[in-house]
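Comments concern the structure below.
Just so you know, these numbers come straight off a predicted model, no measurement behind them. Here is the naming used below: chain letters follow the sequence lines, and residue numbers restart at 1 for every chain.
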Protein chains: 2
Amino acid sequence: MTKARTHVLEAVSSASEPLSARQLCDLFRDDHDQATIYRALHYLEGKGSVESFILHCDCHGTERYYVARAGAHRHWFHCERCHRFTDLGPCRFDDLIGNVSAEKRLAIRSHTFYATGLCGACQNSEVDATH
Amino acid sequence: MTKARTHVLEAVSSASEPLSARQLCDLFRDDHDQATIYRALHYLEGKGSVESFILHCDCHGTERYYVARAGAHRHWFHCERCHRFTDLGPCRFDDLIGNVSAEKRLAIRSHTFYATGLCGACQNSEVDATH
DNA sequence: TTCTATTTGCGAATCGTTCGCAAAAGATAC
DNA sequence: GTATCTTTTGCGAACGATTCGCAAATAGAA
Ligand SMILES: [Mn+2]
Ligand SMILES: [Mn+2]
Ligand SMILES: [Zn+2]
Ligand SMILES: [Zn+2]
């Protein structure tokens, strides 16, 4: 593991929510080039250390977000107002995916799920939260 | 409804699977500019006539795909080899989403789900299918 | 340490998408 | 129908996220 890859994996692993490539580039602006960050993320994803999903929000545009692969595969909720993620817990789609792949004769290798809306805090406040 | 918007809605409505903005631009290359296609899609989505999701595949990159909103909200499977979509049928996530939004106090306004892998035909053949 | 394979930084390119602006098309009022 | 006001369009340029090519730096093996 090179220094860049170690830094990126540590950052993703210690984060409590998914981080975008852009956030990681900002975080390591002084240490690593953005191409290096992107390449480290590809490497780590190929190795199975991190996984990613693409999410669009009006405020931040379309970006890929990364989470460490520790324990069970998880899904996330993204708040449209404060832009924080909420962990929805371990994937509950195994049965559904098993059923549908049998019904339609599909070999499902991966799936993406996420939900968006307002988190608890943002439902209760009219103030604009930080981005 | 202008001519461009009508054309785009007709194309999306008559398609049996999601169409990307790029496919629509190609389809109407002689009639409408790509900016017009994108603007028509935004208009139709705002109006609730179509809905979209973003999907990445190694072959086609990251693109937004559009489907007509007729009847129940649906989800799709995308084959990594032949790049065709399979309709997974009406959304079966209502209970799950209800449970998780209650558990975590989230106001879920929308969700995205799709699966990828190999379709039935591609599991049974080693030949490369058309893109 | 020396040698070789791999990774990095830099800048430019790519791709999907969006913008600004002037011309064209629609809608409304005579 | 014509004048007038509003909306949409086409065009070209810009945009933001991501990727590329290549020479310099680094990591690993011997
Ligand atoms: Mn956001
Ligand atoms: Mn594809
Ligand atoms: Zn929030
Ligand atoms: Zn297939």
To the nearest Å, give me how far apart [atom1] ([X]) and [atom2] ([N]) are.
| X | N | atom1 | atom2 | answer |
| --- | --- | --- | --- | --- |
| B/Ile37 | D/dG10 | CD1 | P | 8 Å |
| A/Glu63 | C/dT17 | CD | P | 15 Å |
| B/Tyr43 | D/dT6 | OH | P | 19 Å |
| A/Lys47 | C/dT7 | NZ | P | 12 Å |
| B/Leu55 | C/dC15 | CG | P | 19 Å |
| A/Leu41 | D/dT18 | CG | P | 9 Å |
| B/Gln23 | C/dG16 | CD | P | 12 Å |
| A/Phe28 | C/dT7 | CZ | P | 18 Å |

With a non-hydrogen cut-off below 4.0 angstrom, is B/Arg64 in contact with a base, only sugar-phosphate, or nothing? sugar-phosphate
Describe the nucleic acid contact of B/Arg22 in one word from base, sugar-phosphate, nothing, applying a heavy-atom distance below 4.0 Å. base
If only atom types and distance count, is the side chain of A/Gln34 paired as donor or acceptor with the main-chain N or O of A/Ala21 below 3.5 Å?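 Answer holds: no.
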Can any side-chain N or O of B/Arg81 pair as donor or acceptor with the backbone N or O of B/Leu118 at less than 3.5 Å?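 Side chain of B/Arg81 to backbone of B/Leu118: no pair is present.
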Where at least one partner belongs to residues 91-100 of chain A, residue pairs that pass salt bridge (Lys or Arg N to Asp or Glu O under 4.0 Å), sequence neighbours excluded: A/Arg92-B/Glu103
Out of A/Lys47, A/Glu45, A/Glu51, which residue meets the side chain to side chain contact (heavy atoms under 4.5 Å, CB included) rule with A/Arg69? A/Glu51
Taking NZ, NE, NH1 and NH2 as the nitrogens, is one of them in B/Arg109 or A/Glu80 under 4.0 Å from a carboxylate oxygen of the other?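 A salt bridge is present here (some side-chain N lies under 4.0 Å from a carboxylate O).
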Proximity to the side chain of B/Thr36 - top-ranked nucleotide from C/dG9, D/dT8, D/dG10: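 Minimum distance to the B/Thr36 side chain belongs to D/dG10.
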Student check: side-chain heavy atoms of A/Glu10 and A/Ser13 closer than 4.5 Å: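 A side-chain contact is absent here, since even the closest heavy-atom pair is not under 4.5 Å.
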Specify the residue among B/Thr62 and A/Ala4 whose closest nucleotide of DNA chain C lies further upstream toward the 5′ end. A/Ala4
Name the orientation class of the two ring planes belonging to B/His75 and B/Phe113 (parallel below 30°, tilted from 30 to 60°, perpendicular beyond 60°).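 Perpendicular, since the angle between the ring planes exceeds 60°.
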In B/S/- notation (B base, S sugar-phosphate only, - none; protein heavy atoms under 4.0 Å), nucleotides 19-30 of chain D written 5' to 3' is BBB------S--
Does C/dT8 have OP1 or OP2 under 4.0 Å away from a side-chain N or O of A/His32?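 So the side chain of A/His32 is outside the cut-off, no N or O lying under 4.0 Å from OP1 or OP2 of C/dT8.
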